Amino acid sequence: MLQVYLVRHGETQWNAERRIQGQSDSALTEKGERQAWQVAERVKALGITHVIASDLGRTRRTAEIIAQACGCDVTLDARLRELDMGVLERRHLDTLSEEEEGWRRLLVNGTPDGRIPEGESMLEMSNRMHAALNACRDLPAGSRPLLVSHGMALGCLVSTILGLPAWAERRLRLRNCSISRVDHQESPWLAPGWVVETAGDISHLDAPALDELQR
Ligand SMILES: O=C(O)[C@H](O)COP(=O)(O)O
């Protein structure tokens, strides 16, 4: 059975400052680096064969730390990027106008095809995340990949595997350096295909971790 580990990158400067990143980028904080090492310690004995990461800096750095512990190279896949937040990228959460905050809520309040102007919809992001996950099925038999991606992207992927529409209200919190696992299996007791084994595990972290809402 194919098991795929899903890790959100470590805390970044802009996570800590409550600035929207989307497909823009900021460096890991010292805490974020430590979180990545704690993930590496947790997964290094799991037989990870591939570390595949969003090509943004924060995920690449997190993946490098994990891959070094697992004895793997890092493969980049732009399909694993965070949601494109359009005109609100780089903006501080506390400076948004009512209208701008309304755009952001469209992404998390169940609005089909909701998007920030010049940004991506949750369905568009979900389609590319599922394509990246399904590409793991083409890896050699016995592979055990670990994907490094982002809060909205992984939350949407796991929620859609559970059967929710990509634009469903947001009910899954994936904190920095949380570990989730999804399995592709055929069992008489579970739906065929992908199932969620773990979601948002942070028991390997030694300090509270943020999520992008930081609330
Ligand atoms: O801040 C954002 O744009 C996201 O909602 C969180 O993104 P991240 O998981 O890449 O920090």
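Atom set for the values below is all heavy atoms of this structure, side chains included, hydrogens, waters and symmetry mates excluded. Remember, it's 1-based here, ligands and their atoms both numbered in the order they're listed. Since we're looking at a predicted model, the values are computed, not measured. The first residue in the sequence is number 1, and the count goes up from there.
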With distance as the sole test, does Glu41 use its side chain to make a donor-acceptor pair with the main-chain N or O of Ala36 at under 3.5 Å?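 No, because the side chain of Glu41 does not come within donor-acceptor range (under 3.5 Å) of the backbone of Ala36.
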
Does atom CG of Asp73 have more than 12 heavy-atom neighbours, drawn from other residues, nucleotides or ligands, at distances under 6.0 Å? no

For the residue pair Arg173 / Ser178, report whether a side-chain donor-acceptor contact shorter than 3.5 Å exists. no

Using only heavy-atom distances, determine whether the side chains of Gln21 and Ser26 contain a donor-acceptor pair under 3.5 Å. yes

Counting only nitrogen or oxygen atoms and a 3.5 angstrom limit, does Asn176 reach ligand 1? no

Which ligand 1 atoms does [X] reach within 4.0 Å, using its non-hydrogen atoms?
{"X": "Asn15", "answer": "11 (O)"}
{"X": "Gly22", "answer": "2 (C), 3 (O)"}
{"X": "Met152", "answer": "5 (O)"}

Ile20 versus Trp14, closest heavy-atom pair with distance: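 In terms of heavy atoms, the two residues are closest at O-CE3, 3.9 Å.
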
Measure Arg58 to ligand 1 on non-hydrogen atoms and call it side chain, backbone, both or neither using the 4.0 Å cut-off.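 It is the side chain that touches ligand 1; the backbone stays farther off.
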
Answer with side chain, backbone, both or neither: which part of Glu82 has a heavy atom less than 4.0 angstrom from an atom of ligand 1?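 The part of Glu82 near ligand 1 is the side chain, not the backbone.
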
Run the contact test for His9 against ligand 1 with a 4.0 Å cut-off on heavy atoms, strictly below, and give the result. yes

Basic-acidic side-chain contact under 4.0 Å: Asp206, Arg34: yes

